[in-house]
Amino acid sequence: MLHIYDTLSKQKAPFQPIEPNRIKMYVCGVTVYDLCHIGHGRVMVSFDVITRYLRARGWDVTYVRNITDVDDKIIRRAGENGESTDQLTDRMIVAMHQDEASLSVLRPDIEPRATAFIGDIISMVETLIEKGFAYAADNGDVYYRVEKFDGYGKLTNRNIDDMRAGARVEVNAAKESPMDFVLWKSAKEGEVSWTSPWGEGRPGWHIECSAMSKCCLGDSFDIHGGGPDLPFPHHENEIAQSEAANGCSYANLWMHAGAVRVANEKMSKSLNNFFTIRDVLQVYNAEVVRYFLSSVHYRSAIDYSEDSLKDARAGLERFYQALRGVAIAADEGELGAQYEARFFEAMDDDFNTPRAFAVLFEIVTELNKASRDGSAEASQLAAVLKRLGGIIGLLQQDPEAFLQGEAKEGELDSDAIEALIVQRAEAKKARDFAESDRIRDELASQGVILKDSREGTSWFRES
RNA sequence: GGCUGGAUGGCAGAGUGGUCAUGCAGCGGACUGCAACUCCGUUAACGCCGGUUCGAUUCCGACUCCAGCCUCCA
């Protein structure tokens, strides 16, 4: 039985989809005004693992992840760049898709863009006005009347009085109350805009998700997910909008990924301490980065550092060293079901990937023993390992290719390495160990590590 | 100040009322011409103070510290 932690109820609960065998999931995606950083990558990888696992468990998952392609930051950045908002967002979306592909993140089933749903957004705002949950102000903005919605604050445990006392909300004379938030924003001169009953304007930040989730999944659906900074105000406001407009419960359960930190501080745009996915992939292998992001529980904070990436690299090398040279059996035999049960048990506990990894490492130990003993079980264990690893989106490369890696600039290419290995083999044959060690040291100084076995010498790059 | 999490061995990171996490690193051994890879063995931990209990790292309470949200941010 799968249990998932719900941000709203603040506990793990047995998961039960609304429709049997069908799961509808909406995850808040990226506002595309800049390149994705590793924090975005974490949300992508986390929900990718979750989706892959739900599917492996036999559910039919519809995974929707939106793209917010209209907003203040986009308008500002496009202005700075001297390009249109479309030019900017199209470029950033292409880049995002490339980054995802690098990290082996499968594309969501639907990726709605806010600007494609303006009509639906307008009609939802109209509904909210009709029902008294929203009002058009004199300045052309439309605001949500927060006090009118009884459940306001239920996701993040806040009440309106406390927040008003905090008084960090902007003072805006057009609002009835400082807590009210904007649903529709009137356009300033020269800004991208759409025609609406309230004049030229564009959607506020939260309404697009309410509208798009409704269009793609319906009024109620199973899982709503997102990054660590979204519960308030974004998801709180989505609940207020959707439940007021649709007159029914919105998402059944809320999942939020943990933050990526740098030097114990959250990686964020405002702190300017972020690394883009591209930055990171310049230095580390993409699968190593995915391993790093998926080996920690999805809700825990994770520290981005050279050491953690090195750890990830070492762990992944252990997997591929075990798989190297072992044929993948077509039939896993009894072993498959046995390890799968333990792996699923771990994942059923709120997608506990660290526990799942522990099971995978046990397979590695058994696999290494079987390989050493020349047992036929090796191929079966390799097959289980590769299949279960695939649920986390790992271990699908050819082991040799992963371990040998790509030659970086100034490094020996594989032909040169192979040539030196042949020379060394000749030296060894002549029992000229001084020469053979010299060659090995020379390769080691290039980051190439040799491994002798009965079948010959193999090599891999350390990094 | 309000609201969420968290504090586990050298590091990363699960978990449990009394016997094992797991990975990296360390130590001893096997393998090897010597190594690397691998295998076997092994060291070592539960923030602080109380309480419940035969027994608590695990349950309860106080405290300290850390992070996140409360303003745009995944």
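Below, all heavy atoms of this structure are taken into account, side chains as well, without hydrogens, waters or symmetry copies.
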Kindly indicate whether the side chain of N159(A) and the base of rG2(B) share any N or O donor-acceptor pair separated by less than 3.5 Å?
-> no

E80(A) atom CD, over 12 foreign heavy atoms within 6.0 Å | yes

Among the nucleotides rA35(B), rC73(B), rG33(B), which one has an atom lying closest to any side-chain atom of D452(A)?
-> rA35(B)

Which nucleotide in the list rA74(B), rC73(B), rC69(B) gets nearest to the side chain of M267(A)?
-> rA74(B)

When we call it a touch if two heavy atoms are under 4.0 Å apart, what does N264(A) touch: a base, just sugar-phosphate, or nothing?
-> sugar-phosphate

Scan N157(A) against the nucleic acid and name what it touches under 4.0 Å (heavy atoms): base, sugar-phosphate only, or nothing.
-> sugar-phosphate

Side-chain N,O (W459(A)) to OP1/OP2 (rC37(B)) below 4.0 Å = no

Relative to the 5' end of RNA chain B, which residue comes earlier, R42(A) or D349(A), by the nucleotide with the nearest heavy atom?
-> D349(A)

Closer than 4.0 Å, any side-chain N/O of N368(A) to the OP1 or OP2 of rC37(B)?
-> no

For R324(A), which contact category applies under a 4.0 Å heavy-atom criterion: base, sugar-phosphate, or nothing?
-> nothing

Do any N or O atoms from the side chain of D373(A) and from the backbone of S375(A) form a donor-acceptor pair under 3.5 angstrom?
-> no

Rounding to the closest angstrom, what is the interatomic distance between rA25(B) and rC11(B) at atom C1'?
-> 8 Å

Considering only heavy side-chain atoms of D229(A), the closest of rC11(B), rC73(B), rA14(B) is rC73(B)

Indicate, with a heavy-atom threshold strictly under 4.0 Å, whether V359(A) touches base, sugar-phosphate, or nothing.
-> nothing

What nucleic acid atoms does D71(A) come within less than 4.0 Å of, heavy atoms only: base, sugar-phosphate, or nothing?
-> nothing

Check: D303(A)/S308(A) side-chain N/O donor and acceptor closer than 3.5 Å = no

Rounding to the closest angstrom, what is the interatomic distance between rU43(B) and rG23(B) at atom P?
-> 15 Å

So does S300(A) get a side-chain nitrogen or oxygen closer than 4.0 Å to the phosphate oxygens (OP1/OP2) of rA14(B)?
-> yes

For rU38(B), does OP1 or OP2 lie under 4.0 Å from any side-chain N or O of R318(A)?
-> yes

Return the value, rounded to whole Å, for the distance between atom CZ of F357(A) and atom C1' of rA12(B).
-> 13 Å

For R299(A) and rA67(B), is the shortest distance between a side-chain N/O and OP1 or OP2 below 4.0 Å?
-> no

Gap between atoms CD and P, on Q321(A) and rU38(B) respectively (whole Å) = 6 Å

So what does R424(A) touch, heavy atoms closer than 4.0 Å: a base, only the sugar-phosphate, or nothing?
-> base

Would you kindly give the CG-to-P distance between L360(A) and rC24(B), to the nearest whole Å?
-> 14 Å

Of the non-hydrogen atoms in I74(A) and T68(A), which two are nearest, and what is the gap between them?
-> CD1-O, 3.6 Å

Taking the C1' atom of each, how far is rG17(B) from rU58(B), in whole Å?
-> 6 Å

Contact class for G39(A) (heavy atom, under 4.0 Å): base, sugar-phosphate, or nothing?
-> base

Relative to the 5' end of RNA chain B, which residue comes earlier, V296(A) or K451(A), by the nucleotide with the nearest heavy atom?
-> V296(A)

Taking atom P in both rA21(B) and rU42(B), what distance in whole Å separates the two?
-> 12 Å

Which nucleotides of RNA chain B pair, in dot-bracket form (Watson-Crick or G-U under 3.5 Å, | meaning another strand) | (((((((..(((.....[...))).(((((.......)))))....(.(((..]....))).))))))))....

Identify whether any heavy atom of S453(A) sits under 4.0 Å from a base atom; if not, whether one sits that close to sugar-phosphate; answer base, sugar-phosphate or nothing.
-> nothing

Taking atom P in both rG15(B) and rA7(B), what distance in whole Å separates the two?
-> 10 Å

Taking atom NE2 of H40(A) and atom CD1 of I277(A), what is their separation to the nearest 0.5 Å?
-> 8.0 Å

Please work out whether the ring planes of Y53(A) and F344(A) are parallel, tilted or perpendicular, with thresholds of 30° and 60°.
-> perpendicular

Pairwise C1' distance for rG50(B) and rA62(B), with rounding to whole Å = 8 Å

Residue-phosphate contact under 4.0 Å: Y33(A) side-chain N/O, rC73(B) OP1/OP2 = no

What is the distance from CG of D350(A) to C1' of rG15(B), rounded to the nearest Å?
-> 14 Å

Length of the line joining D441(A):CG and rA36(B):C1', which is rounded to integer Å | 12 Å

Can any side-chain N or O of D452(A) pair as donor or acceptor with the backbone N or O of T457(A) at less than 3.5 Å?
-> no

Side chain of F460(A) only, please: which of rA36(B), rC72(B), rG33(B) is the nearest?
-> rA36(B)

What's the closest nucleotide to the R355(A) side chain, out of rC73(B), rC11(B), rA14(B)?
-> rA14(B)

What interatomic distance, in whole Å, is found between P of rA44(B) and the corresponding atom of rU19(B)?
-> 15 Å

Looking at every strand, decide which applies to F361(A) at a 4.0 Å heavy-atom threshold: base, sugar-phosphate, or nothing.
-> sugar-phosphate

Could you tell me whether R158(A) contacts a base, only the sugar-phosphate backbone, or nothing, with contacts defined as non-hydrogen atoms closer than 4.0 Å?
-> base

When rounded to the nearest Å, what value does the distance between P atoms of rG55(B) and rG18(B) take?
-> 14 Å

Kindly compute the distance separating CG (N81(A)) from CZ (R77(A)), expressed to the nearest 0.5 Å.
-> 6.5 Å

Of all the nucleotides listed (rC34(B), rC73(B), rC39(B)), which has the minimum atom distance to the side chain of S270(A)?
-> rC73(B)

Whole-Å distance, R261(A) CZ to rC69(B) P, equals 10 Å

Using a 4.0 Å heavy-atom cut-off across all strands, classify K266(A) as base, sugar-phosphate, or nothing.
-> base

Do the side chain of R324(A) and the main chain of L403(A) share a donor and acceptor less than 3.5 angstrom apart?
-> no

Looking across every strand, which nucleic acid part, if any, lies under 4.0 Å from K10(A) by heavy atom: base, sugar-phosphate, or nothing?
-> sugar-phosphate

What is the nucleic acid contact for P228(A), judged by heavy atoms within less than 4.0 Å: base, sugar-phosphate only, or nothing?
-> base

Decide yes or no, distance alone: a donor-acceptor N/O pair under 3.5 angstrom between the base of rA35(B) and the side-chain of R440(A).
-> yes

Expressed in angstrom and rounded to an integer, what is the separation of D311(A) atom CG from rC11(B) atom C1'?
-> 7 Å

Rounded to the nearest 0.5 Å, the OH atom of Y5(A) sits from the CZ atom of R299(A) at a distance of 6.0 Å

Between D99(A) (CG) and rA74(B) (P), how many Å, whole number?
-> 14 Å

First locate atom CE of M25(A), then atom OG1 of T62(A), and finally report the distance between them rounded to the nearest 0.5 Å.
-> 10.0 Å

Within the structure shown, what part of the strands sits under 4.0 Å from S308(A) by heavy-atom distance: base, sugar-phosphate, or nothing?
-> nothing

Nearest-neighbour nucleotide for the W205(A) side chain, rC72(B), rA74(B), rG33(B) considered = rC72(B)

When rounded to the nearest 0.5 Å, the distance separating CG of L381(A) from CG of N368(A) is 10.0 Å

